[in-house]
Every structure is written in C-alpha cells, then in structure tokens.
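One-based numbering, in listed order, for ligands and for the atoms of each. Nothing here was measured: the structure is a model prediction, and the numbers come from that model. By convention here, the first residue in the shown sequence is residue 1.
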Amino acid sequence: MNNILEVNQLRVAFHTKYGQVQAIRGVSFHIARKEVVAIVGESGCGKSATAQSILGLLPKRNAVRSGSILLEEENLLSLSEKQMKEIRGSKIGMIFQDPMTSLNPTMTVGEQVAEAFVVHLGISAKKAFHKAIELLHLVGIPSPEARAKQYPHQFSGGMRQRVLIAMALALEPHLLIADEPTTALDVTVQSQILDLLKDLQRKSDMSILLITHDLGVVANIAQRVLVMYAGEIVESGSVEEIFARPQHPYTWGLLESLPRMDDKKGGKLRSITGTPADLLNPPTGCAFAPRCPYTMEICENTMPSEYSLSSDHKISCWLQDERAPKVSWTYERNALEQ
Ligand SMILES: Nc1ncnc2c1ncn2[C@@H]1O[C@H](COP(=O)(O)OP(=O)(O)OP(=O)(O)O)[C@@H](O)[C@H]1O
Ligand SMILES: [Mg+2]
C-alpha cells in the first residue's frame with residue numbers, strides 16, 4: 001500500500017458544560033509515503049484535534065471519536081492505550097509548538113533524547129547517550145557532546161525545538177506529526193527549523209503531517225494542502241494547484257491575508273472578516289456562508305457537495321456547481337515566491 005495514513009470520516013466531539021463541541025465533522029484524507037501534507041486554517045478549526053486523534057492524545061475525559069484512522073492499514077481507533085503508547089514515538093513521531101513545556105527541565109538534554117532508545121530498544125544508558133549525541137549532531141546542534149550534558153533552560157528556543165525534533169526522529173518514525181512547530185520561534189529561526197525538517201525528510205522515507213495557520217510555510221515544505229474550516233476540509237490539492245488555482249472563498253481569504261514581500265508601501269494585512277462558526281451549534285449549510293462574500297441561498301441551508309477540479313483538487317463549495325454564477329478571483333502576486 002502506498003499510503004502511510006488514511007483517515008476516513010473522522011468525527012470528534014468534546015463534551016462541555018455548554019453542550020457538545022463538534023470539533024471535527026467528517027474529515028477524510030490520506031498521506032502517501034514520503035509525502036508532506038499540510039493542514040491549514042484559522043484558530044479553532046480543528047487542526048490540533050485532528051493531530052491528537054491520530055496520536056490518541058485527545059482527552060479521555062470528554063472527547064469522542066468516530067470514523068477510522070488507518071496507519072499502515074491498522075485502525076488506530078481500535079487500539080488500546082498501551083498499544084498507542086508503543087506507536088507514539090516509534091511509528092509516529094511528534095513535535096508541538098512549545099519546546100519548553102515538552103522538555104523535562106530536570107533531565108539533561110542528552111538523557112532525554114537517549115530515553116527513547118532505552119525504553120523502546122532496551123539498550124544500555126551509555127550506548128543510548130552516544131546515539132543521542134549522534135542525533136543532536138544530525139539536527140544541527142553545535143558541540144553536541146558538550147550540549148548533551150546541559151539542561152533545556154541552557155538552550156535557545158530554536159535549539160530546544162531541534163532537540164524535540166531529535167527526540168521525535170530517534171526511532172525513525174514513518175510519520176512525523178508537527179503541530180505548529182515553528183509558531184513560537186522568531187522568523188529567522190522558523191525558516192531554519194523548516195529547512196531542517198525538509199532536509200531530514202528528504203534523506204529518509206518519512207512522511208510529515210504539518211499543521212500550521214501560515215500558508216507561507218506550506219509553500220516551502222509541503223506537497224499537498226488540506227484547508228480546514230470549522231471542522232471540515234473545504235479544499236484540498238497539491239501546493240501548486242492551491243496556490244495557482246484556489247477555488248474556495250475561504251482559501252482566497254487565507255491567501256489574501258498572507259504578508260506581501262513586495263509590499264513597499266507597508267500596506268495593511270487583510271484578514272477574513274466575521275467570526276468562525278459556532279461548533280456547539282454547527283450550521284446545517286456551509287459553515288463559511290456567514291462570512292463568505294458570495295453566499296447564495298443554498299449555501300445557508302444545504303451542505304455543499306464535493307467537486308473535483310482534477311483528481312487531486314477537491315472543493316466543497318456551491319460556487320463549483322454549474323448553475324452557480326461564475327465568480328473569478330485573481331491573485332496578483334505569486335505566493336509561491338514568498
Ligand atoms: N479539550 C477540549 N474541550 C472542549 N473543546 C475543545 C477541547 N479541545 C479543543 N476544543 C475545541 O475544539 C475546536 C478545535 O480545536 P483545535 O485545538 O483542534 O483547533 P486548532 O485548529 O488547532 O486551533 P489553533 O490554531 O488555535 O491551535 C475548537 O472549537 C476548540 O475550542
Ligand atoms: Mg492547534
């Protein structure tokens with residue numbers, strides 16, 4: 001099988017005192033081997049909930065999942081907590097936004113990286129520490145022998161994220177899930193970390209699911225993009241397709257809100273007006289309709305069908321219907337060159 005991951009009709013709801021938050025509302029996608037797929041969308045659209053569903057890290061207390069998540073043909077939703085623990089860190093590596101909270105302040109960096117080897121491979125602490133130093137070198141940490149003996153607070157944010165990448169890659173996972181891995185870092189460090197990820201991915205057989213709210217990041221590293229809005233994928237396609245022929249008005253909004261490199265006048269960033277859908281009471285029609293400049297009557301009461309522009313470009317929007325008025329959107333700058 002060519003796909004490392006297949007997610008089918010994933011639904012996630014959180015029970016809260018206000019009712020059920022329908023965070024993920026029927027999401028389906030796949031990731032091929034060696035492919036980098038990005039999920040983009042505004043805050044609250046369900047990006048992290050999707051990642052946590054795959055990792056089995058949703059809070060047990062109030063989250064319910066349904067659908068299926070096949071990792072190399074094994075349905076993760078039917079595995080026990082013990083089995084999922086084994087998969088996390090071995091078959092699936094993960095990195096999150098905040099490198100400080102993911103590291104243990106009381107252990108040296110080397111010991112933390114070595115831990116995966118001791119736990120999963122059962123090798124001696126000394127051997128594991130040596131392997132950890134090799135990994136720290138691989139992720140671009142200077143003087144890794146000396147650095148391995150230091151504690152996380154002695155590292156900068158960018159260096160800490162490199163440590164987390166080393167930990168995530170220790171057991172050569174087939175899939176890496178990176179949830180906003182560079183959001184907490186400043187711009188230059190962000191691009192260094194992304195370059196590192198890209199480089200490590202190219203040298204291995206690993207696939208990456210990259211979560212970001214920044215379409216600019218996507219263009220640099222991903223091959224395919226899933227645009228999420230209010231718990232659904234509203235448009236998906238190759239990076240080239242999404243940047244050259246975006247079709248969903250929400251994707252247009254995301255593209256318009258990208259900062260312009262060529263903007264010498266210091267023009268204002270455009271953001272999408274209106275507030276995201278209320279997931280406690282999800283709409284019966286298109287969730288984007290209240291914010292969409294092109295809303296038609298049908299949008300407000302009927303969920304849009306999925307249209308295919310090509311085998312790899314899908315859009316859930318009534319504007320794709322042949323009876324809909326033709327709306328053209330032009331994007332005068334080339335976002336891929338950002
Ligand atoms: N533990 C929880 N209990 C209740 N609701 C939750 C919980 N976790 C997430 N949610 C809700 O589920 C929805 C999706 O959240 P999620 O964290 O997946 O968003 P996101 O796209 O990752 O946003 P961000 O860009 O801010 O990280 C949001 O409406 C959020 O408020
Ligand atoms: Mg998130």
Side-chain angles (χ1 to χ4, degrees), residues 5 7 9-29 37-67 69 76-77 81 84 88 92-102 161 164 168 176-185 190 193-194 197 208-218 221-222 225-236 248 250-251 253-255 257-258 269 271-272 274-283 286-288 290-291 316:
L5 187 82
V7 174
Q9 283 305 311
L10 177 69
R11 288 179 178 276
V12 174
F14 295 102
H15 294 286
T16 69
K17 62 179 174 182
Y18 306 106
Q20 264 201 19
V21 178
Q22 309 288 328
I24 311 277
R25 305 185 300 135
V27 157
S28 302
F29 66 93
V37 173
I39 302 184
V40 290
E42 290 169 308
S43 186
C45 70
K47 303 180 298 294
S48 295
T50 304
Q52 286 161 359
S53 302
I54 301 168
L55 292 162
L57 289 176
L58 287 170
K60 299 275 167 301
R61 190 173 42 84
N62 72 338
V64 238
R65 298 179 300 185
S66 67
I69 299 177
L76 299 182
L77 296 200
E81 178 48 33
M84 274 315 294
R88 283 194 297 270
I92 313 181
M94 51 195 175
I95 31 174
F96 301 109
Q97 179 175 337
D98 186 351
M100 197 58 202
T101 52
S102 313
Q161 195 56 292
L164 285 180
L176 177 71
I177 297 184
D179 189 350
E180 307 266 9
T182 60
T183 308
L185 307 170
Q190 277 189 16
I193 295 289
L194 287 170
L197 279 178
I208 300 183
L209 177 62
L210 175 74
I211 290 174
T212 174
H213 57 266
D214 183 350
L215 259 178
V217 163
V218 168
I221 181 168
V225 190
L226 315 172
V227 180
M228 264 188 103
Y229 187 78
E232 294 169 317
I233 294 175
V234 294
E235 179 160 11
S236 65
H248 198 288
Y250 178 63
T251 313
L254 287 180
L255 286 166
S257 55
L258 273 176
L269 276 187
S271 61
I272 306 168
T275 45
D278 176 9
L279 297 175
L280 279 168
N281 298 294
C286 170
F288 190 58
R291 301 170 76 185
S316 296

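- Set against the non-hydrogen atoms of Ser48, the atoms of ligand 1 under 4.0 Å away are 17 (O), 18 (O), 20 (P), 22 (O), 27 (O).
- Looking at atom 12 (O) of ligand 1, its nearest protein heavy atom turns out to be Ala23 CB, 3.4 Å.
- Not a single heavy atom of Gly41 sits less than 4.0 Å from an atom of ligand 1.
- Among the atoms of Gln97, no N, O or S atom falls under 2.8 Å of the Mg ion (ligand 2).
- If you check the side chains of Thr251 and Glu235, you find a donor sitting under 3.5 Å from an acceptor.
- Here the side chains of Gln22 and Leu280 are not in contact, with every heavy-atom distance at 4.5 Å or above.
- Protein heavy atom nearest atom 25 (O) of ligand 1, with residue, atom name and distance: Lys47 NZ, 2.8 Å.
- Contact annotation: for Ser43 versus ligand 1, heavy atoms closer than 4.0 Å belong to both the backbone and the side chain.
- Per-atom contact check: atom 23 (O) of ligand 1 touches the protein, criterion being a heavy-atom distance below 4.0 Å.
- The pair Glu81-Arg88 meets the salt-bridge criterion, since a charged nitrogen lies less than 4.0 angstrom from a carboxylate oxygen.
- Ranked by closest heavy atom to atom 14 (C) of ligand 1, the top entry among Ala63, Ala13, Ala49, Gly44 is Gly44.
- A 4.5 Å side-chain heavy-atom check between Met228 and Val40 finds every atom pair outside the cut-off.
- Remark: Glu42 does not engage Lys47 in a salt bridge, criterion side-chain N to carboxylate O under 4.0 Å.
- At least one N/O-N/O distance between Cys45 and ligand 1 falls below 3.5 Å.
- In this structure the side chain of Phe288 reaches within 4.5 angstrom of the side chain of Ile272, judged on heavy atoms.
- Here the OG-CD distance, from Ser28 to Glu232, works out to 11.0 Å after rounding to the nearest 0.5 Å.
- No side-chain heavy atom of Asp214 sits under 4.5 Å from any side-chain heavy atom of Glu180.
- Those atoms of ligand 1 with a heavy atom of Thr16 less than 4.0 angstrom away are 4 (C).
- Here the side chains of Gln161 and Pro181 are in contact, with some heavy-atom distance below 4.5 Å.
- The protein does not reach atom 30 (C) of ligand 1 closely, with no heavy atom under 4.0 angstrom from it.
- One option in Asp278, Val12, Val40, Asn62 has a heavy atom closer to atom 3 (N) of ligand 1 than any other, and that option is Asn62.
- Between Tyr229 atom OH and Arg25 atom CZ the span is 9.5 Å, to the nearest 0.5 Å.
- In this structure, atom 2 (C) of ligand 1 lies nearest to the protein heavy atom Phe14 CD2, 3.5 Å.
- The side-chain contact (heavy atoms from CB on, under 4.5 Å) with Ile95 is formed by just one residue from the set Asp179, Leu197, Leu210, Ile177; it is Leu197.
- Of all atoms in ligand 1, numbered sequentially from 1 with element shown, those under 4.0 Å from a heavy atom of Pro59 are 1 (N).
- Below 3.5 Å of separation, one finds no N or O of Val21 facing any N or O of ligand 1.
- Remark: ligand 1 atoms within the under-4.0 Å shell around heavy atoms of Leu279 are 29 (O).
- Of the heavy atoms in Ile211, none comes closer than 4.0 Å to ligand 1.
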